[in-house]
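These numbers come from a predicted model, not from an experiment. Counting starts at 1 for both ligands and their atoms, following the listed order.
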Amino acid sequence: MPRDDLTIRPLADAGELDLFQRLDYVLDDELADDLATNRRRPRWLWIATRDDRVLARAGWWGGPDDEVPASFDFFDVDDSLPVDEAVAVGVELVATALRHVVPSGATPPEYGRFIPPDWREDPAARQAVETRFAVLERLGARQLVERLRLEWRVGTPLPKRSTRLRFRAVADREELITLMTPVQQGTLDAHSQSDLASLSPEAAAAKHFDEEFAHFESPRDWWRVATLDDGEPVGFVIAARNTYNPIIAYLGVLPQHRGHGYVDDLLAEGTHILAAQDVPRIRAATDLANVPTARAFERAGYVNFARAVNFTWEH
Ligand SMILES: CC(C)(COP(=O)(O)OP(=O)(O)OC[C@H]1O[C@@H](n2cnc3c(N)ncnc32)[C@H](O)[C@@H]1OP(=O)(O)O)[C@@H](O)C(=O)NCCC(=O)NCCS
């Protein structure tokens, strides 16, 4: 059990960011700008301290106008603590913070953590990851998925553009949802599968659009529909820029056109569109279990530089 001299509190203001940054994580560099642009709020950044030592921290992220955070993406404990104590401190911190950050009765937002690709083989990385997983499980969250983080780097040869499909812009939200709806059939993507457990395919597609694509500020003519010569749609690719990176946000091949390698044509098109913007890198992610998609990214020159795990309270 944590001793009762533990203090658990949110940051008083942005001036306390240095306290939050006493522990390390790959997103630390984004915190100052996120606070300045209202994507983080001091009341969403929590620390557990004893004397002057920061033993754990937890932080949430949201859009500038969100009242409630959209994701839980910072959670660290001081890994020099004995594991049992680290877990106990983490549980007390996250449980306390959740009571303040999430409205009572609401499902907490999903937790996401970036982890090294070889975390299972590296004993220190594995211990750090498993300590955090133990805390989340004690608080009722369950692992939804492990994902591959992928990156195309400038200097990597561009994949060949399609000579058998044509590409055009997406007409509007309705057209994209009409294409996204059947694409979910047989999907290997865990987030889609989880949505389809409680929503119709059309409602799941609309949710995906409204929660992700609708927020991109990059031009919508980067979203491309692939067609045969006669105009019949084969699939689509969503190239975009999120707050932090140029990304391939999503792609899909309609069920009746699968098995012809069209995924390569879509990915080549999306990669060319973004590379033409002089970007240093393009990011993407796919589930570990989505082997056809992971292979397509590999063929297109993307490298797997990290993994990610998502835990959810929705189960
Ligand atoms: C993943 C996906 C994009 C692959 O597109 P594709 O153009 O069919 O890809 P491929 O032609 O390379 O086929 C990939 C695999 O699909 C399987 N496949 C083949 N024909 C298929 C068919 N008619 N229906 C379903 N799957 C088929 C095969 O296992 C094939 O592997 P193989 O190369 O060993 O034969 C597509 O299945 C899809 O849209 N899935 C749902 C959405 C999704 O997961 N998007 C990616 C999220 S990041």
Side-chain angles (χ1 to χ4, degrees), residues 110 112 114 117 144-152 159-167 170 175-197 199-209 211-213 216 222-229 232-242 245-274 281-310:
E110 179 174 305
F114 298 145
L144 175 68
V145 67
E146 182 166 337
R147 285 166 70 76
L148 299 172
R149 302 186 72 205
L150 305 155
E151 186 171 86
W152 180 89
K160 279 209 170 56
R161 249 172 156 152
S162 180
T163 50
R164 56 185 179 162
L165 297 179
R166 297 173 182 220
F167 287 90
V170 172
E175 184 188 35
L176 189 52
I177 290 173
T178 303
L179 293 171
M180 290 167 75
T181 300
V183 153
Q184 299 171 104
Q185 189 181 310
T187 183
L188 298 171
D189 184 273
H191 283 90
S192 297
Q193 288 169 355
S194 162
D195 283 344
L196 290 168
L199 297 173
S200 70
E202 192 179 1
K207 173 175 181 254
H208 189 171
F209 183 99
E211 290 184 355
E212 187 181 3
F213 306 161
F216 296 144
W222 294 1
W223 304 356
R224 310 301 282 175
V225 181
T227 70
L228 300 176
D229 284 347
E232 181 184 332
V234 160
F236 62 88
V237 57
I238 306 297
R241 186 186 277 282
N242 69 11
N245 286 293
I247 58 167
I248 300 290
Y250 193 63
L251 52 79
V253 173
L254 291 162
Q256 64 272 29
H257 291 295
R258 288 183 186 160
H260 301 292
Y262 288 141
V263 63
D264 292 340
D265 305 57
L266 290 170
L267 195 45
E269 191 64 21
T271 305
H272 273 267
I273 287 171
L274 293 171
R281 62 174 174 272
I282 300 169
R283 290 268 170 93
T286 195
D287 291 7
L288 200 52
N290 198 340
V291 176
T293 305
R295 284 211 193 113
F297 275 104
E298 199 181 326
R299 290 193 294 271
Y302 287 69
V303 292
N304 168 217
F305 70 100
R307 290 194 182 187
V309 283
N310 296 121

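Protein heavy atoms are found inside the 4.0 Å sphere centred on atom 1 (C) of ligand 1. Contact annotation for atom 8 (O) of ligand 1: protein present (non-hydrogen atoms, distance under 4.0 Å). Less than 4.0 angstrom separates atom 31 (O) of ligand 1 from none of the non-hydrogen atoms of the protein. Of the protein's heavy atoms, none falls inside 4.0 Å of atom 35 (O) of ligand 1. Within 4.0 Å of atom 38 (C) of ligand 1, at least one protein heavy atom is present. When distances from atom 24 (N) of ligand 1 to the protein are checked, a heavy atom turns up under 4.0 Å.
In terms of protein heavy-atom proximity, atom 14 (C) of ligand 1 is nearest to Pro292 CB, 3.6 Å. Protein heavy atom nearest atom 47 (C) of ligand 1, with residue, atom name and distance: Tyr250 CE1, 3.7 Å. Among all non-hydrogen protein atoms, the one lying nearest atom 44 (O) of ligand 1 is Asn290 ND2, 3.0 Å. Given atom 48 (S) of ligand 1, the protein heavy atom at minimum distance is Thr286 OG1, 3.7 Å. Considering only non-hydrogen protein atoms, atom 4 (C) of ligand 1 sits nearest to Val263 CB, 4.0 Å. Counting protein heavy atoms only, atom 18 (N) of ligand 1 is closest to Gly259 CA, 4.3 Å. Regarding atom 22 (C) of ligand 1, its nearest protein heavy-atom neighbour is Arg258 CB, 3.6 Å. In this structure, the protein non-hydrogen atom closest to atom 41 (C) of ligand 1 is Val183 O, 3.4 Å.
Counting only non-hydrogen atoms, the option in Gly186, Pro255, Gly261 that gets closest to atom 11 (O) of ligand 1 is Gly261. Remark: among candidates Leu266, Leu267, Leu254, Leu251, the nearest residue to atom 46 (C) of ligand 1 is Leu251, based on non-hydrogen atoms.
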**OP:** Go through the steps for Leu179 and Leu254 under the test side-chain contact (heavy atoms from CB on, under 4.5 Å), then give the verdict.
**Re:** CA-CA 7 Å; Leu179 293 171; Leu254 291 162; 4.2 Å; yes
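Atoms OG1 and CG, on Thr293 and Leu148 in that order, are 10.5 Å from each other to the nearest 0.5 Å. Once rounded to the nearest 0.5 Å, the distance linking CG of Leu266 with CZ of Phe167 reads 5.0 Å. For the atom pair Tyr302 OH and Glu151 CD, the distance stands at 10.0 Å (nearest 0.5 Å).
Here the shortest heavy-atom pairing between Ser194 and Leu144 reads CB-CD1, 4.1 Å. In terms of heavy-atom proximity, Ala249 sits nearest to Glu212 at CB-OE2, 3.8 Å.
Looking at Ile247 and Arg241, their side chains never come closer than 4.5 Å, going by heavy atoms from C-beta outward.
Of all the heavy atoms of His260, the ones lying under 4.0 Å from any atom of ligand 1 belong exclusively to the backbone.
With respect to the salt-bridge test (charged N to carboxylate O, under 4.0 angstrom), the residues Asp265 and Lys160 do not qualify.
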